[in-house]
Protein chains: 2
Amino acid sequence: MSKLVGIDKNIDKLDRRRATSYDVAKLAGVSQSAVSRVFQQGASASKAMRDRVLHAADELGYRPNAIARGLITQRSNMVAVIISKLTNLYYPEVLVQLTQRFSEHGVRVLLFALEHEGDIESILEQTLQYQVDGILTAAMMTPAQLRTVDRIGIPVVFYNRSYNDELVNSVRCDQEEGERWLVGELVKAGHKSFGIVEGPEDSVVSAERTAGARRKLREMNITDITSVSGDYGYDTGRRCFAKLVAQRGSAPDATIAANDVMAIGCIDEAREGFGLDVPGDISIVGFDGVGPASYAAYDVTTVRQPVGRMTEAAISMLLERIENPDLSPEKRAFSGLRVRGGSARLLSDET
Amino acid sequence: MSKLVGIDKNIDKLDRRRATSYDVAKLAGVSQSAVSRVFQQGASASKAMRDRVLHAADELGYRPNAIARGLITQRSNMVAVIISKLTNLYYPEVLVQLTQRFSEHGVRVLLFALEHEGDIESILEQTLQYQVDGILTAAMMTPAQLRTVDRIGIPVVFYNRSYNDELVNSVRCDQEEGERWLVGELVKAGHKSFGIVEGPEDSVVSAERTAGARRKLREMNITDITSVSGDYGYDTGRRCFAKLVAQRGSAPDATIAANDVMAIGCIDEAREGFGLDVPGDISIVGFDGVGPASYAAYDVTTVRQPVGRMTEAAISMLLERIENPDLSPEKRAFSGLRVRGGSARLLSDET
DNA sequence: CCTCCAATTGCATGCGGATTCATTATTGCC
DNA sequence: GGCAATAATGAATCCGCATGCAATTGGAGG
């Protein structure tokens, strides 16, 4: 029964091994060095050689092994991109932009997505093991981690994170400036009482935004401020608005949400839960400039982060550091785009 | 001038080289093999040895080089994840889930994001060079590409893509079933004329959805159908609705959008552009169950893809194939969650 | 205290390709 | 046409780690 089949089918299995440069060399009747040279840009090889090798390579379905290459060249051509739930680095356009721009430079993206920013420790360990050439991170590092990475000599670029006491490369949106504009406009338009809806506690960005808003309010002598905090989500946006009203007995003239999604939640709660007219009765503003913020039903007054330019800047900053590790640290802050949407009652456009 | 400095500062530079297992071995006074064994799970090493090695390793800041390890073990412990703008695989939760679950199994994610599904060719080439252990893709491959990957023996799992004539592993949401339910409910509730807003032409998912809707409509003898197509975005959603009205002279009783975002665009256009009441005058339904679909202002009637479960399934399917390459192909289709939102006039809940 | 077996440890080798050095084939130029 | 200079090629080596095999150690059992 078991010996009915005469033809040996093992060939398939043996063939399974990937072709190496040696295989190609043998088939083409040349040395392995030659094959290696043909598959590089700056190598010298005659046209005849090139043709023979490429032909043989094609025949065997040969592809250079990037792992082996990385081992010998000490360059993995991979960068680690670390994002967390709380950043807007995950927008599809951003990821497309990231992987494509890096790809143009022959660099691959190793992605790490964190639930919480604190989880970065183990991630960092992994990136180091994989010999990444650089790190683009939207999560903070501890000074110790910073030092480790620096000692090893891996360039790091922070996205929307910065440090006061450390020399790091960073690209960010000027959150404070944006909030100051929002608050300024609201106060100018006559709003007296304010509600602040903060983001999650571990969000640096949220902290920066609300701090900026508070500072500006103080400068303008506004003291009637109530704050609550949510998790950046729509549902907590709604709950937070309700909480604001409950805490102060009535809705504040203006509500400043740490991001657009919570602002949208606030708008819905104000309208549906309290029958208020936005912006007739009260104003609500957000931050980010995400897609839904511009939907007709909300048209949120907000500050839009120039995500495309920020990402572009971060990418080239990292690539530069990889090429030239001794460039001095640089911080770039972009101003947000001011969106005078219909969710806040502002004075008409400045003259 | 150039010889003023007496103290040699080259030490730093020399120190820059990463510590290898040999360095650790020398410091600990053991063989390199020993070091290697200590840093593996199934290796045999005495407690004394372990301590000495770990101590030395710690001193030098040694980390195993995953690249070198990958070369020798023929396992890169990396998988390629290919997403395109048109998939919902990019949601932050999904990416978090992906990277974390893989990470638990010691697997890293190499991310590729495509602008168009057609760009997959070069991506595939890259993944193969990087010796990934598996591929999770939300983009289609040509039969030739499929064969290449299969010959090399890399397991592939398709996400929301499937093939009729090829043996592949896939995890998907049953788009057709979902659309059939939506159409069925709409017809039962008395809608006679229908508008269909398709997605981009190169979207397989959109094609499946609209085809499913059309089939069900035909079965129910509905012939009054107008269709237009957009790009999955909010703006085209609005334009598409306007186009629908223009083409047929009045709004259809029900509009079926290929995704939620376009459905939201349609709702806004119907309300703002044409002063229609949704769902009083007309019904509009979507597909996906994305966040904004459940915002109070829209409350879209839709079918929510069980993204979490789908992702989970895709991950374990791929991991299984990596462990055991000879498992036979498997296709898993998940039913979507039916959301009877407020954007469509349906008969009250089934009894 | 000795024998025998299992657990440790070291040695040597190889994974696949880049690169240095030496050698050989070409080309340019007087 | 001959010689120097340059391009093309091959041999050998190394990158950092895992692993088969042989040698050694440590115990258990008698």
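We name chains A, B, ... by the order of the sequence lines, and we start the count at 1 in each one.
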Any residue of residues 50-57 of chain A with a heavy atom less than 4.0 Å from an atom of DNA chain C:
none

Is a donor from one side chain sitting under 3.5 angstrom from an acceptor on the other, for B/N169 and B/R321?
yes

Using a 4.0 Å heavy-atom cut-off, does B/Q40 contact any base of the nucleic acid, only the sugar-phosphate backbone, or nothing at all?
sugar-phosphate

Derivation of the salt bridge (Lys or Arg N to Asp or Glu O under 4.0 Å) call for A/E312 and A/R309
CA-CA 5 Å; A/E312 182 62 36; A/R309 291 175 57 212; over 6 Å; no

Any base atoms under 4.0 Å from A/V35, or only sugar-phosphate, or nothing? Heavy atoms, all strands.
nothing

DNA chain C: first to last nucleotide in contact with chain B (atom under 4.0 angstrom from a heavy atom), 5' to 3', is C/dT8 to C/dG16

Please list, in 5' to 3' order, the outermost nucleotides of DNA chain D lying under 4.0 Å from any heavy atom of chain A.
D/dA8 to D/dG16

Above 12 or not: heavy atoms from other molecules or residues under 6.0 Å from NE2 of A/H55?
no

Going through the checks in order, is the side-chain contact (heavy atoms from CB on, under 4.5 Å) test met by A/Y163 and A/M140?
CA-CA 9 Å; A/Y163 295 81; A/M140 298 280 273; 3.7 Å; yes

Would you find a donor on one side and an acceptor on the other, under 3.5 Å apart, between the side chain of A/Y130 and the backbone of B/R108?
no

Start with the C-alpha distance between B/L98 and B/I315, add both sets of side-chain angles, then the distance that settles side-chain contact (heavy atoms from CB on, under 4.5 Å), and finish with yes or no.
CA-CA 7 Å; B/L98 269 175; B/I315 293 170; 3.7 Å; yes

Are side-chain N/O atoms of A/S84 and A/E115 paired as donor and acceptor at under 3.5 Å?
no

All side chain to side chain donor-acceptor pair (under 3.5 Å) counterparts of B/E323, not counting sequence neighbours:
B/R75

Closer than 3.5 angstrom, by distance alone: can the side chain of B/N160 be matched with the main-chain N or O of B/R172 as a donor-acceptor pair?
no

For B/F39 and for A/S31, locate the closest nucleotide of DNA chain D by heavy-atom distance; then report the residue assigned to the nucleotide nearer the 5' terminus.
A/S31

Atom CG of A/L327 with >12 non-hydrogen neighbours under 6.0 angstrom:
yes

Verdict with reasoning, B/V24 to B/E59, per side-chain contact (heavy atoms from CB on, under 4.5 Å)
CA-CA 9 Å; B/V24 177; B/E59 187 131 337; over 6 Å; no

Is there a donor-acceptor pair under 3.5 Å between the side chain of B/E320 and the backbone N or O of B/M317?
no

Going by the rule ring pair (Phe, Tyr, Trp, His ring centres under 6.0 Å), which residues pair with A/Y62 if we only count those two or more places apart in sequence or in a different chain?
A/F39

With sugar-phosphate meaning primed atoms plus P, OP1 and OP2, does A/S33 contact a base, only sugar-phosphate, or nothing at under 4.0 Å between heavy atoms?
base

Here the residues of residues 65-74 of chain A within 4.0 Å heavy-atom distance, strictly under, of DNA chain D are A/L71, A/I72, A/Q74

